[in-house]
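Please read the structure below before turning to the comments.
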Amino acid sequence: MWKNVTLKKVLLAAAMLLPACYVEAHEYAKGHLAIAHPWSMELPPNAPTVAAYFVISNAGSEADRLTGVDSPIAGNAQLHEHVHKDGLMKMQQVQTVDVPAGGEVTFAPMAYHVMLLDLKDRSKLTDGQSFPVTLHFEKTGDVTVEVMVQKQAPDAAPMHAH
Ligand SMILES: [Cu+2]
């Protein structure tokens with residue numbers, strides 16, 4: 001009986017976790033590449049720039065390279081990285097980001113990110129909305145993802161462990 005109750009509790013907990021999990025874990029795939037959970041932090045309405053984050057994984061045996069990004073909501077979209085220099089943290093533009101064979105690249109706060117500048121359409125930049133960003137890969141071609149805008153960063157745990 002005790003076991004039974006415990007099992008029910010576990011099942012209930014699992015059932016409660018599932019829907020939220022499905023909502024959060026959106027993923028896009030093309031060729032050997034998958035782009036997991038593109039998201040952006042909700043910012044004050046007058047924020048000059050917006051950043052987008054995701055994880056690119058490459059299941060193939062050949063490396064690929066991200067060569068650029070763009071979005072209809074921004075006049076300019078760049079690839080950025082964070083660097084530590086002389087005890088200072090700053091971000092700078094990079095032209096490309098390598099996606100190693102069988103590996104993954106994490107775009108996250110304080111790491112690689114997509115930076116959207118010259119914002120033209122701010123209507124999608126609030127919690128619960130989404131906006132498209134197209135990633136240009138050297139070998140795989142273009143992949144368009146929907147970036148979810150959220151008030152809080154998704155779990156910092158190494159993405160979704162399921
Ligand atoms: Cu940046």
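As the structure lists them, so they are numbered: ligands from 1, and atoms in each ligand from 1.
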Problem set entry | Within residues 88-102 or reaching into it, pairs that qualify as salt bridge (Lys or Arg N to Asp or Glu O under 4.0 Å) - sequence neighbours excluded | Arg65-Asp98
Exercise. Under 2.8 Å from the Cu ion (ligand 1), protein N/O/S atom count?
Worked result: 4
For this session: Taking the side chain as every heavy atom from C-beta outward, state whether Leu66 and Phe107 have any pair of such atoms under 4.5 Å apart.
Result: yes
Problem set entry | Contacts of type salt bridge (charged side-chain N to carboxylate O under 4.0 Å, His left out), residue Lys139, not counting sequence neighbours | Glu62
Problem set entry | Min side-chain heavy-atom separation Gln92-Glu81 under 4.5 Å | yes
Problem set entry | Set of residues satisfying salt bridge (charged side-chain N to carboxylate O under 4.0 Å, His left out) with respect to Glu42, sequence neighbours excluded | Lys151
For this session: If the plane angle is over 60° it's perpendicular, under 30° parallel, otherwise tilted; pick one for Trp39 and Tyr53.
Result: tilted
